[in-house]
A.B. asks: 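Sharing a structure here in structure tokens format.
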Amino acid sequence: MRWFIEKPASLRITRRGLLKVFGVTVAALAVGAYKVTDLFVHRNRYIKMRQSGQYKDDERVRKTYSLAASQQNPMIKRFYDEFAGQPFGEVSESLLHTKYFRRTG
Amino acid sequence: MQGEIGVRHSIDYDMCINCGQCLINCPFGAIEQMSFLEDVMEKLNGGWTVVAIVAPAVRVAIAEEFGKPPGTLTVARLHAALKKAGFKVYENNFAADQTIMEEGTELIGRVAYWELGLKEIEFEITDSYPGSWRKKVRLELKEFENRPLPQFTSCCPAWVRYAELYYPEILPHISSCKSPQQMAGPTAKTYGALKVWKVSPEKVYTVGVMPCTAKIYEASRPEFNSAWRWLREKGLIPESVPPFRDVDAVLTTRDLAELFRRKGINPLEFSENENPEDFEWYSGGGTIFGTSGGVMEAAMRFAWSVLSGQEPPATSEEWDFVKVRGYTYPRVHASVTIPLKKELRKETGIDEVTLNVCVVNGIGFGGMHIKPVIEEVLAGTSRYHFIEVMTCPGGCLNGGGQPVEPMGTSWIDPVLPLPL
């Protein structure tokens, strides 16, 4: 009759070998985990990039056309002179203002 | 949105504010929007004056769809590409300027009535460059009885829906001004059609090009057919014309990129030089609407200049209200002191006004960033005069209609070896 006899663990892997494997695993995990934090830190970078794009446009418009504030826009002047009269005027009330509605209890 | 891990999730559409944050942040890209792409393509084939209302946040993101990094500014190139596709360009930034004229005036009215106790106020909006432009504004303040302080912005349709659904008591505080998109629509179909392009209003088809999914919902709100109502009232269109919408269709940034691809147009191939005309004009204040704090800064530029009478050169730093800009903080607070000009000092009897302002940069998960602000207002302890609310963190430029960024919060994507 043949019996299965388990080999002692020391014959399968040495103590040093085990430490090696563990060391490499921990190192791999640590680097990976660091990479994950990286993803969190940089995840919203694109918001800042797009925001800086907007302020670049602000700068561009002010530099090229000298338009910093809304009332300086030549088309705004035309719109109120030719059509709407004044802010909160009759035309504005009909076309540019609205009401809101309660949608729950 | 509800659902357990690993099980198909569901959205309660009755309580959804349509902001689209779930769409751009879904790690699996499982959520889709409805699209007007086919309708717009058909209308471009002829017979219609198709007007593209281009939002400020589109110009800093659409280049991403064509291989450029986020924040790449595309203005003249985008206009040229739109014209090539058959659109007329109506800058939503111009509509943002309209919004500021109306909303800034409203803010002055509310402060004059509630803080200064005036019965009426008269002031001049002036600009001395290049010619001299003056616009006298006279407000009867009696109707401001129903417009308490603080004033909330109304540009963000997801925020308006949030308020209507969850905090209806706050509605009188929200500015009665429509959002820029909804100002652009009726203006294009009245002033634009009759005086600028000289076409018949019912043949104008307005298309909002928006970074936002809530704008699709906003355009469909039943009350937004004001151009049709106004034109009929004035007898400018025949009685037989059936009702038409202020804004007929809305394309998101992604949709517009798809439209360009189908037409074989790459906006990046055009030149970045142009001479703006008609509705293509916009101010710096108009363009920063797309970022959190932008509406506030634009309103401050308006109010400060109108009330103090100062008009420094456009490049001057005096126009910068850096402290109201929203970057990474969920809420930004600031106080802006404005010295009054001589005529107003005489009229009101005070030397200066201080405006306390707050910018809510993303309403937060379940509204956690906006709730304390609203509770304070409802309790009557709020110290603010003006509160800007952007539902999406960072503002419109991070809206639900923008290109989905792999470097965004859907961070699982870059970790996977193969795309899902």
Side-chain angles (χ1 to χ4, degrees), chain A residues 32 35-36 38-40 42-105, chain B residues 56 59-61 69-73 75 94 97-98 100-102 105 125 127 129 133 135 137 139 160 164-165 168 171 174 176-178 183 186-187 190-191 195 223 226-227 230 278-279 281-288 290-291 298 301-302 305 314-315 319 394 397-398 405 407-409 411:
Chain A
K35 196 68 197 147
V36 171
D38 218 37
L39 289 168
F40 271 99
H42 292 302
R43 67 176 184 173
N44 288 332
R45 187 163 40 112
Y46 72 101
I47 298 181
K48 281 204 180 125
M49 291 164 85
R50 287 179 187 164
Q51 277 184 332
S52 76
Q54 296 258 264
Y55 289 112
K56 241 183 276 164
D57 197 26
D58 177 29
E59 219 170 89
R60 181 189 72 90
V61 175
R62 284 159 67 175
K63 222 161 123 190
T64 335
Y65 307 118
S66 294
L67 302 173
S70 302
Q71 67 271 27
Q72 298 170 334
N73 183 336
M75 193 62 187
I76 283 288
K77 299 173 190 173
R78 256 178 79 190
F79 173 71
Y80 282 105
D81 286 347
E82 293 178 5
F83 189 68
Q86 68 156 66
F88 265 74
E90 212 182 305
V91 177
S92 297
E93 294 277 1
S94 323
L95 296 178
L96 307 183
H97 289 263
T98 187
K99 289 192 180 71
Y100 306 108
F101 304 95
R102 172 184 279 268
R103 293 189 194 271
T104 41
Chain B
R59 72 207 59 213
V60 294
T72 307
L73 195 56
V75 183
F94 166 72
D97 285 334
Q98 288 177 290
I100 285 301
M101 298 291 285
E102 299 289 333
T105 304
I125 303 170
D127 178 36
Y129 178 86
W133 185 73
K135 175 99 335 201
V137 179
L139 292 179
V160 169
E164 286 181 331
L165 277 176
L171 293 175
I174 299 183
S176 69
C177 298
K178 291 177 184 171
M183 288 200 180
T187 308
T190 55
Y191 176 57
K195 300 224 165 148
E223 70 270 26
S226 56
W230 187 82
D278 300 337
F279 295 114
W281 282 104
Y282 64 84
S283 74
T287 199
I288 52 177
T291 175
R301 286 180 190 179
F302 172 84
S305 177
T315 43
W319 291 108
L397 43 77
N398 187 28
E405 255 307 319
M407 66 171 97
T409 29
W411 47 266

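Side chains included, hydrogens not; waters and symmetry mates left out as well; all remaining heavy atoms used.
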A.B. asks: If I measure from the heavy atoms of chain A, does B/I125 come under 4.5 Å with its side chain, its backbone, both, or neither?
C.D. replies: side chain
A.B. asks: Has A/Q54 got a side-chain atom pairing as donor or acceptor with B/V60's backbone, closer than 3.5 angstrom?
C.D. replies: no
A.B. asks: Taking B/K178 for its side chain and A/L95 for its backbone only, find out whether a donor-acceptor pair lies under 3.5 Å.
C.D. replies: yes
A.B. asks: Between CD of B/E223 and NZ of A/K99, what distance do you get to the nearest 0.5 Å?
C.D. replies: 10.0 Å
A.B. asks: So which residue, A/S70, A/G89, A/G53, ends up with the most heavy-atom pairs under 4.5 Å with chain B?
C.D. replies: A/S70
A.B. asks: Within this structure, what is the CD1-CZ distance for the pair A/I76 and B/F94, rounded to the nearest 0.5 Å?
C.D. replies: 4.0 Å
A.B. asks: For A/Q51 and B/T291, what are the C-alpha separation, side-chain angles and deciding distance, and is it a side-chain hydrogen bond (donor to acceptor under 3.5 Å, both in side chains)?
C.D. replies: CA-CA 6 Å; A/Q51 277 184 332; B/T291 175; 3.1 Å; yes
A.B. asks: Might you point out which heavy atoms bring A/S94 and B/S226 nearest each other, and give the distance in Å?
C.D. replies: O-CB, 3.6 Å
A.B. asks: Please determine, among B/P56, B/A298, B/A227, the option with the most heavy-atom pairs under 4.5 Å with chain A.
C.D. replies: B/P56
A.B. asks: Roughly how far, to the nearest 0.5 Å, is OG1 of B/T287 from CG of A/L67?
C.D. replies: 11.5 Å
A.B. asks: Distance check, rounded to the nearest 0.5 Å: B/L165 atom CG versus A/R103 atom CZ?
C.D. replies: 7.0 Å
A.B. asks: What part of B/T72 gets within 4.5 angstrom of chain A, counting heavy atoms only: side chain, backbone, both, or neither?
C.D. replies: neither
A.B. asks: Using atom types as modelled and distance alone, determine if a side-chain donor or acceptor of B/K195 lies under 3.5 Å from a backbone N or O of A/F83.
C.D. replies: no
A.B. asks: Could you tell me which portion of B/V137 (side chain, backbone, both or neither) has an atom closer than 4.5 angstrom to a non-hydrogen atom of chain A?
C.D. replies: both
A.B. asks: If you count heavy-atom pairs under 4.5 Å between each of A/P74, A/S92, A/A84 and chain B, which one has the most?
C.D. replies: A/P74
A.B. asks: I'd like to know if the side chain of A/R50 and the backbone of B/A61 have a donor-acceptor N/O pair within less than 3.5 Å.
C.D. replies: no
A.B. asks: Under a 4.5 Å cutoff for heavy-atom pairs, which residue among A/T64, A/V61, A/L96 has the most contacts with chain B?
C.D. replies: A/L96
A.B. asks: To the closest 0.5 Å, what do you measure between CZ (A/R78) and CH2 (B/W133)?
C.D. replies: 13.5 Å
A.B. asks: Which atoms of A/E59 are under 4.5 Å from chain B, going by heavy atoms: the side chain, the backbone, both sets, or neither?
C.D. replies: neither
A.B. asks: So do B/S283 and A/Q72 actually touch side chain to side chain, heavy atoms under 4.5 Å?
C.D. replies: no
A.B. asks: Given a strict heavy-atom distance threshold of 4.5 Å, which part of B/L139 is in contact with chain A: side chain, backbone, both, or neither?
C.D. replies: side chain
A.B. asks: Look at B/R59, B/E102, B/M183, B/Q98 and state which one has the largest set of heavy-atom pairs under 4.5 Å with chain A.
C.D. replies: B/E102
A.B. asks: Report the option among A/K48, A/M75, A/R60 that has the most heavy-atom pairs separated by less than 4.5 Å from atoms of chain B.
C.D. replies: A/M75
A.B. asks: Going through the checks in order, is the side-chain contact (heavy atoms from CB on, under 4.5 Å) test met by A/Y46 and B/N398?
C.D. replies: CA-CA 9 Å; A/Y46 72 101; B/N398 187 28; 2.6 Å; yes
A.B. asks: What are the two closest non-hydrogen atoms of B/C177 and A/Y100, and how far apart are they?
C.D. replies: O-OH, 3.4 Å
A.B. asks: I need the A/D81 CG to B/K135 NZ distance, nearest 0.5 Å.
C.D. replies: 4.5 Å
A.B. asks: Side chain, backbone, both or neither: which part of A/T98 has an atom under 4.5 Å from a heavy atom of chain B?
C.D. replies: both
A.B. asks: Considering all heavy atoms of both residues, which atom of A/A69 and which atom of B/R301 are nearest to each other, and what is their separation?
C.D. replies: CB-CB, 4.1 Å
A.B. asks: Any idea which heavy atoms bring A/N73 and B/Y282 closest together, and the distance?
C.D. replies: ND2-CA, 3.4 Å
A.B. asks: So for B/L73, is it side chain, backbone, both, or neither that comes closer than 4.5 Å to the heavy atoms of chain A?
C.D. replies: side chain
